[in-house]
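Just so you know, these numbers come straight off a predicted model, no measurement behind them. Each ligand, and each atom within it, is numbered from 1 in the order the structure gives.
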Amino acid sequence: MKNDTRTYRTTYLAAIIVCLCFLIGGILFVMILAGRSEEDNRRYLQDAAKQNQVTLLKQVQGDFQTLDGIAACIGSSGEEQQVQLRGALKTINEKNTFLRMGYVSSDGIADLYDISGITLKDVDLSESDFFLRAMAGERVITGALIDMVSNEYINYLTVPVYQGESVIGVLCAVNASSVYREIIDAPVLNGKGYTNIVDQEGNLVIRTLNLSGDPIRLSEMGVFEDGQLDQAMALLSGETGGQFLYKTEGVQQLAIAEPLGINGWSVISVVPRRILWENYGLTIGGVALIIVGAFAIFLFLLYRQGRIMSKSNAALLHQAYDDPLTGCRSFQKLLLDAEPLTSQKGEKKWAFWYCDLKKFKYFNDLLGYQTGDRVLQALARLLSEDEIPDALFCRVSADNFAGIRPYQDKSELEQWFRTLPVRLYETEPAAASSRMRVELCMGFFCPEADDDSLSLTESINRANMAQKTVKGQTGSRCGFFTRQIREKILSDAEIETRAWAALENGEFVLYMQPKVSIQNGGRIVGAEALSRWISPDRGMISPGDFIPLFEQSGFIVKLDRYNFELACRWMRSYLDAGNPPLNVAVNVSRLALLQDHFVEDYTAIKNRYRIPDRALELEFTESVVLDDDGVFLDTVVQLQKNGFICSLDDFGSGYSSLNLLKNLPIDVLKLDILFFRQGTDVTRERLVISHVLAMARDLNIRTIAEGVEEEDQVAFLRRAGCDVVQGYVFYKPMSLADFNQLAAAGLDLNLP
Ligand code: C2E
Ligand code: MG
Ligand code: MG
């Protein structure tokens, strides 16, 4: 669950990061687009300024060229001609577009011929700056001046008239300022911008009509903030031009200054700065809209996905955390809920419990699954009615329940357990059916100081172990996890870890328990090879302590094969000593049957030691048969073909099935009569045994009774037709050395 939450959190975080990247990317894109738009428009404005500058320059230079041509003519003529030419200026000007034109003699007096035909006689221009500068050899164009005659704005253009090296007079022309203004009035950026001509002092020498108000100077065109005017003025006296900003009526304006190349004037094109964005405005808006739209769709999908996930999560959690049959918690949910309670270091002592319904499988078989389910539901109800706060429980699986309970004293726990079956029979009478009564067995684990590091699962596992120790006892029982169980766990762990080394060190040896034929006087007819672990530290360890562990770990397959080889090796030496073949039975775990090449492997060993056919017997326990009838049956047939005798071990002590005898072509049946001794009625017991023996005989199956401890049992078995007895009544398992001695002494027992 924690993992799931972490995964969802990560997913959402990732999604939010993606969203943010998306948004930042979008904003950057729009900014780049906007930046590019401004850049493009700035360039466009610059081009417009340049264009105006070029056109204006062409106009002015064209005017000067005209004047230069006429001035050259006048200058190069003789005196008389000069007078004539000066007089002819009126006619000449009619062909030009100047408003007025005339020759200014060196004293500054001029006759100016107006295009309207009027001649302005003896105009004194001697004080005029444009006259004086022309006399000094300069070509001059003035800024816009008010014309005394037409009251319109005009510009004077003057060029010197040379005779040889010296200036003899000035040719003067007047142009209506509108000539130049028309050029600068050309629309800039769809008419949103305008152009002016400014001199180096910042005076507007030619002003566009587009300019509102009546500014005379650049500084009056708008509001210049800190340093902006200085920056603009610096551009006017520079050679390369540039841009500057100012505001008119709160609107920021961008101005581009381009030197005109005449009189140190500059062309200044101005446009409101926001106009620069407008061209791309639609695109930027569109892109922004797409980004916002996509973002919204993404968020919506994320939200939908989140809802779907949380719904399916809830369904999954329901599946994972609720037990559908009883409605109580699942084991996972118990772990989750118990964790915060038990991890608190407080006053409370916690007991962990594990409960199993004994032989519930049979109860189900006998009374039906529906009744079984009702019993489980009733038990869950009882447990949930528990009045102790914080007590939690769950159904682990099938008929297993587990939980935690706060407690003061262990007797409290026992007391609580004792009420459970009683209450169960009350609430669900079927649990105490006359055919079979449900019994509970429960294990408790009450942690001690040094158990702090145990996890919840480990603690419940310990309760389960305690439960197993009482499972075999009659009636409803409970038990506690004890020091002995703890030691067994440690010992089991040690056994498992030491197994491989022990095998390599030859710590596993064989013991032989002789089998005695009881029908013909009593002869040792064979022996069962039983494994013993002679540990250097722990002494002899009996198979009951390690075989079940090795069956769990799978190591038993190795050990069985090893023991089988030991048995073959002994048999070889026994035969080599000149003895006739003797039946030796070796146990084979059911796990070995699932191995590939099991039959081939065992046959190869048998052949390697040249053991005659039917001398070796393999004992299989019944559990093998239950697991997989088919494999077992095939294996038995093949083994028999390869010269092995096959026997069924512990018949009667496990899940006996008479049906099995019908199907299996087994050679020998080993009856564990220790099992029968659990009953109290000896007559009935013997009746059953005799019938099993009779049945085996009829099926042509030989019989061995093992676990026989008493003489009268032997007598009974003989009467009942049992062939062979293996039990303490004759011999206990003995070392190979002892068995060799026994064999050397002769195998006849001369039984009565
Ligand atoms: P099992 O194959 O049924 O072997 C018979 C067990 O009964 C032996 O116990 C034997 O000592 C014991 N027994 C024989 N007669 C009597 C008697 O009169 N009274 C009592 N109380 N017990 C008697 P052991 O040697 O402790 O072996 C226990 C089990 O361990 C064996 O039962 C067998 O299932 C398993 N085992 C032993 N050696 C091996 C082995 O090499 N491989 C496998 N897979 N299992 C083995
Ligand atoms: Mg056996
Ligand atoms: Mg046995």
> Do Tyr602 and Phe564 have ring centres separated by under 6.0 Å?
Replying inline: yes
>> Is a donor from one side chain sitting under 3.5 angstrom from an acceptor on the other, for Tyr728 and Gln513?
In response: no
> Looking at Ala529 and Leu510, what are the two nearest heavy atoms and their distance?
Replying inline: CB-CD1, 3.9 Å
>> Would you say the ring centers of Trp570 and Phe739 fall short of 6.0 Å from each other?
In response: yes
>> Give me the atom names and distance for the closest heavy-atom approach of Ala380 to Phe393.
In response: O-CZ, 3.3 Å
>> Against Trp500, only a single residue in Phe508, Phe555, Phe550, Tyr562 fulfils ring-ring contact (aromatic ring centres under 6.0 Å, His included); can you say which?
In response: Phe555
> Under 2.8 Å from the Mg ion (ligand 2), which protein atoms of type N, O or S occur, listed by chain and number?
Replying inline: Glu528 OE2, Asn587 OD1, Glu619 OE1, Asp649 OD2
Could you list, one pair per line, each nitrogen or oxygen of ligand 1 together with any protein nitrogen or oxygen closer than 3.5 Å, giving atom names and the distance rounded to 0.1 Å?
| from | atom 1 | to | atom 2 | distance (Å) |
| --- | --- | --- | --- | --- |
| ligand 1 | 2 (O) | Glu528 | OE2 | 2.9 |
| ligand 1 | 2 (O) | Asn587 | OD1 | 2.9 |
| ligand 1 | 2 (O) | Asp649 | OD2 | 2.9 |
| ligand 1 | 3 (O) | Asp650 | OD1 | 3.0 |
| ligand 1 | 3 (O) | Glu706 | OE2 | 3.4 |
| ligand 1 | 15 (N) | Gln513 | NE2 | 3.0 |
| ligand 1 | 18 (O) | Val708 | O | 3.4 |
| ligand 1 | 18 (O) | Tyr728 | N | 2.8 |
| ligand 1 | 19 (N) | Glu709 | OE2 | 2.7 |
| ligand 1 | 21 (N) | Glu709 | OE2 | 3.2 |
| ligand 1 | 22 (N) | Tyr728 | OH | 3.4 |
| ligand 1 | 25 (O) | Arg532 | NH1 | 3.0 |
| ligand 1 | 25 (O) | Arg532 | NH2 | 3.0 |
| ligand 1 | 38 (N) | Ser531 | N | 3.0 |
| ligand 1 | 41 (O) | Asn563 | ND2 | 2.8 |
| ligand 1 | 42 (N) | Asp560 | OD1 | 2.6 |
| ligand 1 | 44 (N) | Asp560 | OD1 | 3.0 |
| ligand 1 | 44 (N) | Asp560 | OD2 | 3.3 |

> Which distance, rounded to the nearest 0.5 Å, do you find between the CG of Leu669 and the CG of Leu699?
Replying inline: 9.5 Å
> Does the ring of Phe716 carry Arg686 above it, NZ/CZ under 6.0 angstrom from centre and within 45° of its axis?
Replying inline: yes
> Hey, what do you get for CD (Glu507) to OG (Ser535), rounding to the nearest 0.5 Å?
Replying inline: 5.5 Å
